[in-house]
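Convention: sequence-line order gives letters A, B, ...; per-chain numbering from 1.
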2 protein chains.
Amino acid sequence: MARNLQDHILQTASALFYSQGIKATGVDTIVKAAGTTKMSLYKYFPSKDDLVLAHLSKSREAMLNRILAGMEQHASEPKQKLLAVFAVFDELSSSPEFRGCPFINAAAEFAEASNPVQLAAAEFSDTFQQILTDLARQAGARNPEALSQQLAMLISGAMVSEQRRRESGAMRTAAAAAKVLIEQSLACAE
Amino acid sequence: MARNLQDHILQTASALFYSQGIKATGVDTIVKAAGTTKMSLYKYFPSKDDLVLAHLSKSREAMLNRILAGMEQHASEPKQKLLAVFAVFDELSSSPEFRGCPFINAAAEFAEASNPVQLAAAEFSDTFQQILTDLARQAGARNPEALSQQLAMLISGAMVSEQRRRESGAMRTAAAAAKVLIEQSLACAE
DNA sequence: TTGCAACTATACAGACCGGTATGTATTATT
DNA sequence: AATAATACATACCGGTCTGTATAGTTGCAA
């Protein structure tokens, strides 16, 4: 499981933050769930805020790795990779543990623009967008930035939709839209 | 301004809930901002939860009215009305007060599935979706449900995107995608 | 065996929150 | 003038939150 206590605490907290919400999850709850004590938690994470940011950082890595791995596994050509991203998110949002996008949710919980959580959310968003833009460019899209932004919006929207109504097939419907947009963007480019 | 104290309190609370977040806005803050006292607030709203639900109900009405008004004003044909919805949301998300979708944000703050806030969010989502589906059907779309879901996802995604990065032109990019999807859905139906 | 570091156990401080109790001032109606 | 409705002022309660202080326990290594 967890190699050391620090990882174990982070893993426990991360799961609770994602499933119950960040503000709704108290430090005592985390400590009890992890089978440890507050003193140990505060040894590794000087404040709850630090723990929250560690959770977002961990989520960021996990998400990006999953996306990149899914892309490499299911496709070789740029165009197919773009569609593979939707397959990854479909698998992700089909899981019973799915509770929406951790970054969208966290950013909604910490509304102040100056909050570090906002920065973490924007950071993930930018990285993800960049991946899509590069693929769109490689695929030869007419306007890679616009296409990638559209695809990202479809994915965000589908996550929100799926969160609101489970088993709505939102991600597959989004993928169908993506296919149309990609084809259209490539057709005009040829 | 506000005809009576109850409306005034709700209006003040609504603005704070939307701009600062619901959990981040304490009752004392609302009372101070409204220039009244807790006793008066609790006379009209038996609990903060009631106030929150009233805020969502008010937001629901305001949003739907704005959408319907914008539709009637800018267009007469179903297809044009669908596009007019994006114009409404573009205007909405261009305002400096824009802080994302109040329902997406609220639902993220109250993560438990059984929470009434979740129901309120789903209720708006369903109503909005129904409006789009009817229009899509009237316009003669091949698959009205799928098309309307795609358009709704584009709008949700654009709101999230615009919230993350202001002035990103997300809603206009979403509208461009919508145009393609609508055209394609109608072309196949002819 | 001794010593040290990691971890546990528990209690508590201080702030904040939602909500209530008690009493007063203002205004309109009759 | 008496009454009732509305709103204000202020203090308080119980609970929860993050974060800390203090003391005890375990395990491992020299």
Trainee: Should the pair A/Phe89 and A/Phe128 be assigned to parallel (<30°), tilted (30 to 60°) or perpendicular (>60°) ring geometry?
Mentor: perpendicular
Trainee: Among C/dG19, D/dA7, D/dT18, which nucleotide has an atom closest to any side-chain atom of B/Tyr42?
Mentor: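 For the B/Tyr42 side chain, the nearest candidate turns out to be C/dG19.
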Trainee: Over how many whole Å does the gap from B/Leu41 atom CG to D/dA7 atom P extend?
Mentor: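 After rounding, the gap between these two atoms is 12 Å.
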Trainee: Can you name the nearest heavy-atom pair linking B/Leu16 to B/Ile30, along with the distance?
Mentor: CD1-CA, 3.9 Å
Trainee: Rounded to whole Å, how long is the line connecting atom NE2 of A/His8 with atom P of C/dA6?
Mentor: 18 Å
Trainee: Under 4.0 Å, counting only non-hydrogen atoms across every strand here, what does A/Phe45 touch: a base, just sugar-phosphate, or nothing?
Mentor: nothing
Trainee: Quick one: on DNA chain D, does A/Ala24 or B/Gln6 contact a more 5' nucleotide (nearest heavy atom)?
Mentor: B/Gln6
Trainee: In whole angstrom, give the distance that lies between atom NZ of A/Lys48 and atom C1' of D/dT16.
Mentor: 12 Å
Trainee: When the distance from CG of B/Asp50 to P of C/dG18 is rounded to whole Å, what number comes out?
Mentor: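 Nearest whole value for this atom pair: 14 Å.
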Trainee: Between A/His74 and A/Ala84, which heavy-atom pair has the shortest distance, and what is it?
Mentor: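 Closest approach of A/His74 to A/Ala84: CB-CB, 4.1 Å.
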Trainee: Base, sugar-phosphate or nothing for A/Lys38? Non-hydrogen atoms, less than 4.0 Å.
Mentor: base
Trainee: How close or far is atom C1' of D/dC12 from atom CG of B/Asp28, stated in whole angstroms?
Mentor: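 Spelled out: CG on B/Asp28 to C1' on D/dC12 is 13 Å.
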Trainee: Let me know the distance between CD1 of B/Ile30 and P of C/dG19, rounded to the nearest Å.
Mentor: 11 Å
Trainee: Over how many whole Å does the gap from A/Lys43 atom NZ to C/dA9 atom P extend?
Mentor: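 Roughly 16 Å, once rounded to whole Å.
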Trainee: Under 4.0 Å: is that the gap between some side-chain N or O of B/Thr37 and OP1 or OP2 of D/dA9?
Mentor: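 Answer is no, no contact under 4.0 Å.
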Trainee: Can you give me the closest heavy-atom contact between A/Tyr18 and A/Arg99, atom names plus distance?
Mentor: OH-N, 2.7 Å
Trainee: Give a yes or no answer on whether the side chain of A/Arg166 reaches the backbone of A/Ser93 with a donor-acceptor pair at less than 3.5 Å.
Mentor: yes
Trainee: Using atom CG of B/Asn4 as one end and atom P of D/dA5 as the other, report the distance to the nearest whole Å.
Mentor: 17 Å
Trainee: Using heavy atoms to find the nearest nucleotide of DNA chain D for A/Met39 and A/Lys23 separately, return the residue whose nucleotide is more 5′.
Mentor: A/Lys23
Trainee: OP1, OP2 of C/dT8 versus side-chain N and O of A/Thr36: anything below 4.0 Å?
Mentor: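 Checking C/dT8 against A/Thr36, a side-chain N or O does come within under 4.0 Å of OP1 or OP2.
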Trainee: Is there a side-chain polar atom (N or O) of B/Tyr44 under 4.0 Å from OP1 or OP2 of D/dT6?
Mentor: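 Checking B/Tyr44 against D/dT6: no side-chain N or O falls below 4.0 Å of OP1 or OP2.
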